[in-house]
Amino acid sequence: MEKALVIKELTKSYGSLIAVDNLNITVEKGEIFGLLGHNGAGKTTSIECILGVKKADHGSALIFGKDPCKDRRRTFEKVGVQFQQSNYQDKIRVDEICQVTASLYKKPADWESLINTFDLTEMKRKMVAELSGGERQRLSVLLALIPNPELVFLDELTTGLDAKARRTVWKYLEGLKQQGLTIMLTSHFMDEVYTLCDRICILKKGNTIFQGFVSEAIANSPYDNLEDAYLWYSGEEEHKDENL
Amino acid sequence: MKTFKTLFLTETKLMIRDMNNLIFGVGFSVIFAIIMGMIMGDKPAFEGADYSFIEQSFGAVVAIGIGATGLMGLPLALADYRHKKILRRFLVTPVSPAMLLLVQFIVNLLVSLLCLVLVYMVYALFFDFDMAGSFLFFILAYLLVLLSIYSIGMMLASVSPNIKTANLLCCAFYFPMFFFSGATLPYEIMPTALRNASDILPLTQGIKLMKVTSLGLPVENMIFPIMLMIVLAVVCILLSIRFFRWE
């Protein structure tokens with residue numbers, strides 16, 4: 001079966017700093033894959049190199065068998081992307097940015113119903129610049145779903161959302177997963193990762209520390225929950241011990 | 001087509017909300033046209049001329065609109081979209097760079113045409129202006145000048161690494177042309193040395209072409225301006241596509 005995403009030996013450095021070192025990931029269709037790591041571990045750089053926004057020094061990334069750099073138009077017809085920081089045109093309204101986004105695809109999702117799902121109905125005619133942090137975050141996830149994607153990249157999908165909004169987003173994504181959507185996400189919240197992800201990859205200073213199922217991550221650590229296991233993998237535990 | 005229509009309508013709305021382009025592209029030339037008309041009235045262009053100063057200045061005044069939209073509005077909008085990483089969002093969609101350039105091109109073209117219509121109305125209604133030359137030839141000249149000036153603008157947007165350089169480059173191209181191409185300060189009253197220097201500015205040649213066509217003068221010695229406009233347009237459009245960057 002065709003893989004949703006195949007990343008091979010992806011390497012990217014900024015000057016002498018190696019941001020991502022030999023990253024290898026295969027994501028199956030219908031899977032939710034989590035890319036974890038502290039700030040600066042290389043998550044965002046990895047996603048940017050996979051999408052072709054940044055040029056990798058070495059290695060390759062294929063999305064549904066296509067190279068996003070060489071075959072941009074066809075690749076992104078069925079791929080949605082939410083960047084960690086989203087910027088919009090000055091003085092553009094919520095409904096306008098949705099219309100524009102929908103117009104870029106051959107078969108877009110119904111953005112009006114997405115707006116209801118993400119609880120932004122009352123904000124429809126407001127300027128994007130006037131939205132609160134949480135509303136903007138919901139909008140950025142919503143826009144990533146407008147393509148009616150088969151694969152969606154979500155970089156820190158629920159940062160800034162309140163508990164209720166997070167649940168809503170999770171539930172909606174799980175529903176889409178049932179319909180076959182593949183998701184590649186990054187997150188700092190282990191409850192979120194535990195709820196959503198099938199498999200994870202933990203990065204530390206660009207290196208892959210762990211890759212596998214969430215249950216394996218916990219089982220291979222001395223702990224019984226993902227948060228402690230994650231901190232153990234990513235090296236925070238050592239600091240704790242040293243401080244004692 | 002759906003993509004173009006939606007992007008075009010939205011960008012037009014954003015341009016109207018922003019006002020900058022309308023003020024500098026339209027408002028300024030209309031005010032300038034009114035002042036010109038009031039000062040020069042129906043004085044002849046020079047002693048013994050067959051046409052009035054106003055008639056002669058029409059091509060120059062509408063060139064202000066072309067310059068403001070093509071060398072400021074268009075490149076700065078593109079540079080701003082790159083700076084704000086809005087282009088990066090477009091990069092991960094199926095839209096083509098040519099489509100984004102085309103939409104900005106057309107939105108600015110509309111502003112420029114609005115300037116043309118309003119300046120014409122001011123001249124015609126208040127200062128008895130009547131275009132002596134062929135309207136068709138004038139429009140052709142106008143569109144050629146617009147294409148070449150816009151292509152310079154798009155090239156500036158493509159080659160600037162950041163918004164500061166874009167600003168600087170746009171000012172470096174726009175203001176000399178604004179003052180010394182004959183758009184504001186009439187070419188005819190410039191001292192010879194300044195005129196010679198002014199001749200190297202593309203807009204100077206463009207204004208000459210628009211003057212000649214609007215006055216209905218023979219176009220024989222206009223081969224150089226016409227060729228220059230065409231060459232500039234081709235070269236700059238190729239450069240702007242070659243150096244287009246999403247980030």
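Below, each value reflects all heavy atoms present in this structure, side chains not excepted, and no hydrogens, waters or symmetry copies. What you are looking at is a predicted structure, and each value in this text was computed from that prediction instead of being measured. Labels below follow one simple rule: chain letters A, B, ... track the order of the sequence lines, proteins then strands, and each chain is numbered from 1.
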Atom [atom1] of residue position [X] - does it have more than 12 heavy atoms of other residues, nucleotides or ligands inside 6.0 Å?
| X | atom1 | answer |
| --- | --- | --- |
| A:Tyr88 | OH | yes |
| B:Phe24 | CZ | no |
| B:Lys84 | NZ | yes |
| B:His83 | NE2 | no |
| A:Glu122 | CD | no |

Counting heavy-atom pairs under 4.5 Å to chain B, which of A:Leu143, A:Thr101, A:Ile97, A:Val100 comes out on top?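 Heavy-atom pairs under 4.5 Å are most numerous for A:Val100.
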One pair to check against salt bridge (Lys or Arg N to Asp or Glu O under 4.0 Å): B:Lys85 and A:Glu48. What are the steps and the verdict? CA-CA 13 Å; B:Lys85 298 192 185 285; A:Glu48 286 177 337; over 6 Å; no
With rounding to the nearest 0.5 Å, note down the distance linking [atom1] in [X] to [atom2] in [Y].
| X | Y | atom1 | atom2 | result |
| --- | --- | --- | --- | --- |
| A:Ser103 | B:Lys5 | OG | NZ | 10.5 Å |
| B:Arg88 | A:Ser86 | CZ | OG | 8.0 Å |
| A:Glu96 | B:Leu14 | CD | CG | 6.0 Å |
| B:Arg17 | A:Gln89 | CZ | CD | 11.0 Å |
| B:Thr93 | A:Leu104 | OG1 | CG | 4.5 Å |

Is it true that a side-chain atom of A:Lys91 and a backbone atom of B:Ile16 form a donor plus acceptor pair closer than 3.5 Å? no
Side chain A:Asn87, main chain B:Ile86, donor-acceptor under 3.5 Å: no
Where on A:Pro108 is there a heavy atom nearer than 4.5 Å to chain B: the side chain, the backbone, both, or neither? side chain
Measure A:Phe153 against the heavy atoms of chain B and call it side chain, backbone, both or neither at under 4.5 Å. neither
Counting heavy-atom pairs under 4.5 Å with chain A, which one of B:Asp80, B:Val95, B:Asp18 comes out on top? B:Val95
Is it the backbone or the side chain of B:Thr10 that comes under 4.5 Å from a heavy atom of chain A, or both, or neither?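 Just its side chain gets close to chain A.
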So, the part of B:Phe90 with a heavy atom under 4.5 Å from chain A: the answer is both
Taking non-hydrogen atoms and a cut-off under 4.5 angstrom, which of residues 52-85 of chain A neighbour chain B?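 Listed by number, the contacting residues are A:Gly52, A:Val53, A:Arg72, A:Arg73, A:Phe76, A:Glu77, A:Val79, A:Val81, A:Phe83, A:Gln85.
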